[in-house]
Amino acid sequence: MPANTAAAIARSREFSHYLQRLLTARPEELERLQARLGQPFDAAEMEAFADWQALSDAEGLAPALRRLRQAVVARLICRDLNGLASLDEVVSTVSALADFAVERALASARAGLAHYGQPIGEDSGEVQQLIVIGMGKLGGGELNVSSDIDLIFIYPESGDTDGGHHGGRSISNHEYFTQMGKKLIALLNDVTADGQVFRVDMRLRPYGDSGPLAMSFAALENYLLSQGREWERYAWIKARALSGDAAALADMARPFIYRKYLDYSAYGAMRELHAQIRREVARRDMADNIKLGPGGIREVEFIAQVFQLIRGGRDRSLQLRGTRETLRRLGELRLLEPAAVTELLEAYAFLRNLEHRLQYLDDQQTQTLPSGADNRARIAASMGCADWEQFMNRLNQQRRKVTRHFEQVFILPTEGAADHPLSELWLDIADCLPVEKLQALGFSEPEQVARQLQSLAQGQRYQQMPLNGRKQFDQLMPALIEVASRFDNADATLARIIALMEAISRRASYLALLTEYPQTLQRLASLYSSSAWVSGYLTRHPILLDELLDARVLYATPDWPQLEAQLEQQLSQADGDVEAKMDALRHFQHAQSFRLVAQDLAGMWTVEALSDQLSLLADIVLAATLRHAWLDIPSRHCDTPRFAIIGYGKLGGKELGYASDLDLIFLYDDEHPDAAELYSRLARKMSTWLTSATAAGVLYDIDLRLRPNGASGLLVSSVNAFRQYQEQQAWVWEHQALTRARYVAGDAEVGAQFEQERHAILTRRRDLSTLRDEVLAMRQRMLDSHPSRDEDPKNARGGIIDIEFIVQYLILAHAHALPALTANAGNIALLATAAEAGLIPAADAEAARNAYRHYRRLQHAARLNERQTVAPDAALLEDYSQCRALWQRVFEQALNFS
């Protein structure tokens with residue numbers, strides 16, 4: 001309660017003609033205000049305001065709702081103007097009043113139609129409820145104090161009413177709900193001696209004023225699919241069901257509003273809608289309108305909502321209704337800079353507070369600054385300013401901030417720019433080959449490049465593009481030719497870019513992305529120049545073009561705990577939708593892989609460190625897949641499965657590359673009688689989730705042949721069965737494989753049991769002669785299928801496999817005496833461990849460590865450029881020679897090259 005209630009009310013009356021009139025006409029309202037000014041007008045007080053159950057008929061309800069509105073608005077005006085109410089309180093209280101009024105009016109309208117009985121769905125046979133949809137600021141819970149309310153009326157099914165219990169007439173559900181809607185509108189909208197509750201605007205319904213007042217689900221869905229326009233997507237973002245089946249409505253509307261892909265075409269649609277508003281503002285001389293004019297409320301809303309339309313389908317955390325909560329979320333996602341969000345929130349609050357003060361004057365739905373000196377003085381003082389000039393300076397400062405941020409988001413970078421110097425080259429390519437121009441640009445085979453460009457321009461995909469898409473394509477190609485020409489391998493770079501442009505030529509959203517963000521073109525060309533593998537990966541997954549937008553994100557060291565939390569949030573948002581979860585996993589893995597390869601090409605990672613990152617990424621994806629695949633097992637007997645994923649090979653040794661498959665086995669430890677069957681189903685489901693090709697691509701290829709008994713063995717094994725197999729049946733090569741195995745994901749206790757068994761197997765005492773013979777025999781079998789070649793560092797004698805065999809032999813031969821060898825530390829570290837223990841000469845170990853690094857760098861570089869072999873030089877041959885010498889010392893025999 002303010003220190004002086006009477007002074008607070010008197011001050012408010014000075015700023016509001018409406019309040020002055022109301023309190024003069026209704027002394028009882030003044031008494032209520034004096035008694036309760038210190039507390040917000042909440043839903044409980046609205047409920048207690050009258051005996052609503054006794055006011056079911058329109059004659060009694062209409063004046064009571066209008067008196068309630070007067071009481072709510074009077075208190076809001078006084079609380080707001082005296083600093084007792086925040087903007088949140090003002091908009092949420094008015095929105096709560098609208099919700100309450102609709103609820104009471106709906107109940108009254110329903111009672112007034114009781115003689116028709118209940119509306120029954122013709123398909124379900126169930127009683128139907130009208131879904132009153134609040135649009136605009138009502139839907140977003142952001143109503144201003146004198147706002148109208150935008151409504152749409154929907155009902156689930158066609159059918160007829162049942163005529164009631166007293167032989168009443170039956171009418172169609174359509175007619176019934178139309179009558180109900182008309183009654184509801186009249187109760188709220190009609191002007192009486194007590195004024196209105198809310199002006200009701202129905203123009204946002206399908207077909208606008210010419211459309212039916214109420215519409216069935218099926219008709220609405222057909223309309224949205226076949227005729228829904230871009231501006232309606234924008235409007236439906238805030239749609240909220242005030243009654244009836246909210247979940248069904250949301251499920252139907254969501255695919256219309258939010259696309260599964262990143263929808264950069266939304267920029268153009270929103271830009272055109274804004275241009276229409278600007279033209280209307282100019283035509284009607286509405287520059288003083290703080291909602292629609294430059295730097296006004298609508299521009300803040302557009303900034304928030306364009307990101308929702310672009311990304312809301314991919315990130316459900318953006319499927320919000322409120323402008324301010326959306327802006328805050330954009331800041332958290334770094335889609336807007338935090339400083340920009342702060343400025344926009346500050347400007348939005350200023351403009352909304354000003355909007356309310358304009359409406360407090362006479363309770364009019366206005367956003368236009370007053371012209372009279374007296375009202376100007378009132379507005380300036382109510383906004384805390386000494387005079388109109390000071391107020392206008394503050395207002396213009398806030399509007400300039402909004403305009404600056406709006407233009408940064410919406411102004412097309414090429415708008416108003418001169419044509420690109422190479423535009424003529426591209427536009428004339430179908431008729432003539434600009435060989436000399438291409439040669440001057442630096443292309444080494446200009447005639448071949450010219451024919452590739454001509455083939456693109458004459459191709460069916462380009463020729464059949466929609467006009468707007470072709471316009472964007474024509475705008476992009478000259479710039480792409482130019483940036484490609486700057487690289488040493490200009491011909492290859494442009495050829496790879498042409499493949500991308502062919503792939504996205506019918507994907508308007510990707511063309512829009514590159515058009516909206518021309519700064520990405522240089523980054524794109526750099527990556528396409530650097531690696532054939534990367535260019536192929538990006539061309540297969542063009543959704544990753546989005547990753548090029550922000551270099552800070554693209555080249556930021558991964559924060560894996562944060563990224564893991566983001567993935568879990570996305571998966572949780574897709575609860576119950578397996579396809580959406582599979583896509584979320586793929587988008588996450590592809591995006592993180594792409595960021596890593598961009599950082600790799602920028603020289604930010606050694607091969608070893610990069611493999612650690614890729615392995616950690618696989619661990620996170622496998623853990624998430626396990627958690628959510630288990631949730632999709634309907635008869636699961638526990639919330640957390642006693643089940644673990646074990647990684648072998650490159651995953652186990654943390655040496656993954658970009659396209660490596662995953663060697664996995666699955667273990668469980670669970671006494672439940674259905675455990676074996678349930679965990680087999682889980683393993684099959686996980687395999688499907690990981691390997692299926694969806695619209696988002698493939699996650700990982702997996703290899704399960706290292707499980708006990710190989711391809712003929714069970715898909716999952718109990719820990720006891722695995723232990724028994726390893727101790728009694730496993731071959732030496734399977735124990736070799738254990739040297740590069742580790743617990744990856746799932747139940748930590750099962751993982752610990754695996755690690756314990758692994759340690760026990762690796763530290764067994766073995767007959768060295770027998771072990772050596774078996775290891776050598778295994779190596780020979782591999783040579784029989786993959787002969788030694790110097791251009792293949794993996795299979796060459798003295799190459800990667802030989803070093804791995806040396807390490808594996810040393811582990812199996814000596815880990816019983818030197819348990820440190822069982823650490824899953826990688827071949828480079830284990831060679832050092834063996835040398836420190838005197839198992840191999842230190843100099844030989846160091847030479848092998850350096851060679852192993854060299855081999856992996858060569859192999860990695862070859863794969864990035866999609867080559868299967870490397871060119872053997874003197875340094876490589878010397879590495880082979882030194883590693884062959886180490887082989888001879890370890891196995892006491894020279895390497896056989898046959």
Side-chain angles (χ1 to χ4, degrees), residues 419-465 470 472-507 510-511 514-515 518-542 544-545 548 597-598 600-603 658-659 791 858 860-873:
D419 286 344
H420 193 281
L422 298 180
S423 291
E424 187 177 338
L425 179 154
W426 165 250
L427 294 174
D428 293 342
I429 195 77
D431 302 317
C432 61
L433 296 179
V435 176
E436 291 182 3
K437 288 183 180 179
L438 291 170
Q439 187 171 24
L441 284 168
F443 291 96
S444 56
E445 298 287 343
E447 186 169 348
Q448 182 178 344
V449 171
R451 295 200 179 281
Q452 288 175 331
L453 290 169
Q454 189 178 64
S455 176
L456 175 64
Q458 294 175 341
Q460 194 173 29
R461 288 186 176 184
Y462 174 78
Q463 293 293 330
Q464 294 179 354
M465 287 177 69
R470 188 189 291 203
Q472 290 177 321
F473 198 98
D474 290 343
Q475 189 176 324
L476 288 167
M477 282 309 301
L480 287 167
I481 294 167
E482 181 188 26
V483 293
S485 72
R486 298 172 187 161
F487 294 93
D488 291 340
N489 60 338
D491 297 50
T493 302
L494 185 58
R496 295 165 186 171
I497 288 174
I498 287 173
L500 170 70
M501 295 303 288
E502 284 186 314
I504 67 171
S505 60
R506 295 183 182 175
R507 309 286 291 276
Y510 297 132
L511 295 175
L514 295 175
T515 306
Q519 71 271 23
T520 60
L521 302 184
Q522 179 66 36
R523 220 168 283 151
L524 172 72
S526 178
L527 289 169
Y528 272 53
S529 171
S530 299
S531 166
W533 183 85
V534 172
S535 63
Y537 191 73
L538 190 50
T539 299
R540 288 193 302 276
H541 306 295
L544 295 173
L545 289 168
L548 298 174
V597 76
D600 175 21
L601 293 172
Y658 296 116
E791 59 269 28
L858 290 172
H860 182 67
R863 286 175 179 166
L864 277 175
N865 282 290
E866 297 185 334
R867 295 195 305 266
Q868 301 300 315
T869 60
V870 304
D873 57 13

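Residue Q460 qualifies as open at atom CD: its count of foreign heavy atoms under 6.0 Å is 12 or below. Atom CG of D488 has 12 or fewer heavy atoms from other residues, nucleotides or ligands within 6.0 Å.
Contacts of P446 classified as side-chain contact (heavy atoms from CB on, under 4.5 Å), with partners at least two apart in sequence or in another chain: V435, L438, Q439.
Of the possible donor and acceptor atoms, none in the side chain of S526 sits under 3.5 Å from a partner among the backbone N and O of R523. T493 contributes a side-chain N or O that, together with a main-chain N or O of N489, makes up a donor-acceptor pair within less than 3.5 Å. When atom types are taken as modelled, the side chain of R496 and the backbone of Y528 share a donor-acceptor pair closer than 3.5 angstrom.
A 4.5 Å side-chain heavy-atom check between L524 and L480 finds at least one atom pair inside the cut-off. Looking at heavy atoms from C-beta onward, S531 lies in side-chain contact with L601 at the 4.5 angstrom threshold. Counting only heavy atoms from C-beta outward, the side chains of F443 and I481 approach each other to under 4.5 Å. You'll find the side chain of L476 reaches within 4.5 Å of the side chain of M501, heavy atoms only. Within the 4.5 Å cutoff, no side-chain heavy atoms of Y510 are placed close to those of L500. Put simply, the side chain of H860 reaches to within 4.5 Å of the side chain of Y658, judged on heavy atoms. Counting heavy atoms from C-beta on, the side chains of R863 and W533 never come closer than 4.5 Å.
Residues in residues 421-442 take part in no salt bridge (Lys or Arg N to Asp or Glu O under 4.0 Å) pair, two or more places apart or across chains. The stretch residues 448-462 participates, sequence neighbours left out, in these salt bridge (Lys or Arg N to Asp or Glu O under 4.0 Å) pairs: E447-R451.
If you take CD on Q472 and OG1 on T515, they are separated by 4.0 Å, rounding to the nearest 0.5 Å. Note that CG of L527 and CD1 of I497 are 10.0 Å apart. Values are rounded to the nearest 0.5 Å. Once rounded to the nearest 0.5 Å, the distance linking CG of L514 with CG of L521 reads 6.0 Å. In this structure, L456 CG and I429 CD1 are separated by 9.5 Å, a value rounded to the nearest 0.5 Å. With values rounded to the nearest 0.5 angstrom, E502 atom CD is found 9.5 Å from Q452 atom CD. Atom NE2 of H420 and atom CD of Q475 lie 10.5 Å apart (nearest 0.5 Å).
In this structure, D474 and Y462 approach most closely via the heavy-atom pair OD1-OH, 2.6 Å. Heavy-atom minimum distance, A457 versus W426: CB-CH2, 3.9 Å. Shortest non-hydrogen contact noted between V483 and A525 is CG2-CB, 3.7 Å. Of all the heavy atoms in L425 and P434, the pair that sits closest is CG-CG, 3.6 Å. Counting all heavy atoms, side chain and backbone alike, S505 lies closest to M465 at O-CE, 3.1 Å. The shortest non-hydrogen separation linking A499 to T539 is O-CG2, 3.8 Å.
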